[in-house]
Protein chains: 2
Amino acid sequence: MQSALLEHIQTKISLKAEEQELLLSKIESKKISKKELLLQEGEICDFLCFVAKGCLRLYIINEKGNEQTLQFGIENWWITDYMSFDNQKPSHFYIQAVENSEIVLIHKNDIEYLFSEIPQLERYFRMILQKSFAASQMRIKFLFTMSAEERYHHFNNSFPEFVQRVPQYMLASYLDFSAEFMSKIRSGKI
Amino acid sequence: MQSALLEHIQTKISLKAEEQELLLSKIESKKISKKELLLQEGEICDFLCFVAKGCLRLYIINEKGNEQTLQFGIENWWITDYMSFDNQKPSHFYIQAVENSEIVLIHKNDIEYLFSEIPQLERYFRMILQKSFAASQMRIKFLFTMSAEERYHHFNNSFPEFVQRVPQYMLASYLDFSAEFMSKIRSGKI
DNA sequence: TAAAAAACTTGAAGTACTTCAAGAAATAAG
DNA sequence: CTTATTTCTTGAAGTACTTCAAGTTTTTTA
């Protein structure tokens with residue numbers, strides 16, 4: 001799973017052997033089982049998390065006590081509360097494994113050190129973040145312009161294989177409608 | 001307005017004199033008047049836009065022909081369609097000046113050249129994008145958990161001076177409700 | 001393989017908004 | 001100043017969803 005990260009990084013930049021070693025020495029690879037929490041509301045997020053295998057999600061628990069998923073992260077994506085990470089303030093979010101997963105963590109201190117030793121890494125994360133923000137701009141467009149049913153069909157067409165991997169109620173909340181409404185859309189009763 | 005950009009960059013990284021000169025040689029500073037368009041749907045966005053003075057917005061025109069504002073950019077913010085910029089594909093968005101403004105553009109070719117000559121710039125943009133994405137994560141949280149009225153009051157409390165600068169109907173669409181509903185919220189009739 | 005837990009479905013009732021249409025107020029332009 | 005344009009307001013009617021509650025199916029665990 002370390003190598004999954006290295007490989008992904010090397011699709012964007014190239015690292016010398018000693019840089020690769022340094023990087024590997026500063027990361028923490030671990031397995032995390034389904035439903036296990038990586039971050040809880042109120043904790044400070046001091047890591048960047050790369051998903052080598054499996055699926056994680058970032059969610060909140062709203063006033064009514066319901067979970068609402070804001071982001072999913074699958075293979076080769078990063079998932080992190082950047083607000084908490086940047087400012088080292090308590091998080092508003094939970095991060096949880098949706099499947100048994102293999103992840104790679106880089107802690108805040110270590111990433112700062114790595115940036116200083118391997119300046120190219122800044123480029124890698126700039127590219128990652130640029131893609132993430134671009135996706136986020138499109139996401140807001142979809143939320144603003146499509147009805148619940150359109151969002152469901154659009155997502156289904158765009159990521160048919162992913163839809164099979166997560167419970168419907170998580171996907172419903174990600175698309176910003178209720179699980180019951182999703183069920184009605186799927187049954188064609190709407 | 002060039003110096004506004006240089007100053008902002010130097011709050012995050014430090015540049016040598018020759019790097020500053022190189023940067024200044026590759027940017028395009030211009031004035032843009034209220035309502036003028038910087039980007040239209042269907043065009044390819046080949047620039048990053050820094051707002052030195054004034055206010056711009058990124059918006060769409062939906063199926064009913066109504067404008068919906070997805071982002072505002074004021075002094076010291078960047079506003080760009082990153083999806084179109086990254087992939088050099090036609091944009092889904094319009095970018096327009098909300099006030100008479102002073103902006104700085106960096107074109108795609110130039111930014112790539114600048115990154116190669118001034119690696120530290122990658123760091124600056126990584127930091128910018130990390131903040132932007134963090135803000136975007138919070139924005140989705142607010143959209144998911146707050147009612148229209150709560151979103152209005154929260155925004156009003158967070159950015160009271162900004163609320164004065166833009167027409168209410170733009171702000172309403174940014175907060176994802178209708179101009180008429182905003183009017184009712186403000187009058188206390190809801 | 002039985003029991004428990006998690007996920008999905010269904011219908012009925014409610015609600016937070018939107019849409020429409022028309023007029024009033026504020027701002028900009030000549 | 002005077003008119004045109006843009007922005008804001010108001011009420012009435014409509015709708016795309018949510019919520020609740022209960023039952024069914026599927027998956028997980030022991």
Side-chain angles (χ1 to χ4, degrees), chain A residues 33-37 54-55 57 59-69 72 96-101 142-156 162-190, chain B residues 33-37 54-55 57 59-69 72 96-101 142-156 162-190:
Chain A
S33 3
K34 188 171 171 170
K35 298 203 177 155
E36 201 178 320
L37 287 168
C55 178
R57 66 171 177 144
Y59 69 96
I60 53 164
I61 297 185
N62 66 20
E63 299 153 332
K64 288 164 203 143
N66 298 324
E67 298 173 357
Q68 289 185 273
T69 298
F72 290 106
Q96 184 194 47
V98 178
E99 303 170 351
N100 293 330
S101 303
F142 295 143
L143 286 170
F144 275 25
T145 57
M146 293 179 178
S147 69
E149 194 175 1
E150 287 168 335
R151 293 199 297 279
Y152 171 73
H153 290 306
H154 181 261
F155 193 87
N156 234 333
F162 178 73
V163 173
Q164 307 305 319
R165 284 174 68 173
V166 298
Q168 282 175 39
Y169 73 90
M170 282 187 198
L171 189 52
S173 76
Y174 176 80
L175 295 173
D176 202 19
F177 47 75
S178 68
E180 292 91 336
F181 196 65
M182 175 116 163
S183 188
K184 283 162 197 173
I185 291 171
R186 282 166 46 90
S187 73
K189 290 185 180 155
I190 223 77
Chain B
S33 4
K34 187 170 171 172
K35 296 203 179 155
E36 201 178 322
L37 286 167
C55 178
R57 65 171 178 143
Y59 69 97
I60 52 164
I61 297 184
N62 67 19
E63 298 153 332
K64 288 163 203 144
N66 298 325
E67 298 173 356
Q68 288 186 273
T69 299
F72 290 106
Q96 184 193 46
V98 178
E99 303 169 352
N100 293 330
S101 303
F142 295 143
L143 286 170
F144 276 26
T145 56
M146 292 181 179
S147 70
E149 194 175 359
E150 287 168 336
R151 292 199 298 278
Y152 171 73
H153 290 307
H154 181 260
F155 193 87
N156 234 333
F162 178 74
V163 173
Q164 307 305 318
R165 286 174 68 172
V166 298
Q168 282 176 40
Y169 73 90
M170 283 187 198
L171 189 53
S173 76
Y174 176 81
L175 295 174
D176 201 20
F177 47 76
S178 68
E180 293 92 335
F181 197 65
M182 175 117 163
S183 189
K184 284 163 196 172
I185 292 171
R186 282 166 46 90
S187 73
K189 289 184 183 157
I190 223 79

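Note on naming: letters A, B, ... go to the chains in the order of the sequence lines (proteins, then strands), and numbering restarts at 1 for each one.
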Taken to the nearest whole Å, CZ/Phe177(B) to P/dC17(C) is 9 Å

Could you tell me if the side chain of Thr145(B) sits less than 4.5 Å from the side chain of Glu63(A), heavy atoms only?
no

For Phe181(B) and dC20(C), give me the distance from atom CZ to atom P, rounded to whole Å.
17 Å

Between atom CD in Glu63(B) and atom P in dT18(C), what is the gap in whole Å?
16 Å

OP1, OP2 of dT9(D) versus side-chain N and O of Gln168(B): anything below 4.0 Å?
yes

In whole angstrom, give the distance that lies between atom OH of Tyr169(A) and atom P of dA7(C).
4 Å

Map Lys34(A) and Ala148(B) onto DNA chain C by nearest heavy atom, then report which one ends up closer to the 5' terminus.
Lys34(A)

Residue-phosphate contact under 4.0 Å: Ser178(A) side-chain N/O, dT19(D) OP1/OP2
no

Give the rounded distance in Å between these two atoms: CE of Met182(B) and P of dT7(D).
13 Å

Glu149(A) CD to dC17(D) P, in whole Å, measures 9 Å

Ranking dT9(D), dC17(D), dA12(C) by distance to the side chain of Arg186(B), first place goes to dT9(D)

What is the separation between atom CD1 on Ile185(B) and atom P on dC8(D), rounded to the nearest whole Å?
14 Å

Can you tell me how far C1' of dT18(D) sits from CG of Leu175(A), to the nearest Å?
16 Å

Walk me through whether Phe177(A) and Tyr152(A) qualify under ring-ring contact (aromatic ring centres under 6.0 Å, His included).
CA-CA 10 Å; Phe177(A) 47 75; Tyr152(A) 171 73; 7.1 Å; no

Aromatic plane relationship, Phe162(B) with Phe72(B) - under 30° parallel, 30 to 60° tilted, over 60° perpendicular:
perpendicular

Of Ile185(B), Leu171(B), Val163(B), which meets side-chain contact (heavy atoms from CB on, under 4.5 Å) against Asn156(B)?
Val163(B)

Under 6.0 Å between ring centres, would you say that holds for Tyr174(A) and Phe155(A)?
yes

Side-chain N or O of Lys64(A) closer than 4.0 Å to phosphate OP1/OP2 of dT19(D)
yes

Residue mapping more 5' on DNA chain D - nearest nucleotide basis, Glu180(B) or Lys35(B):
Lys35(B)

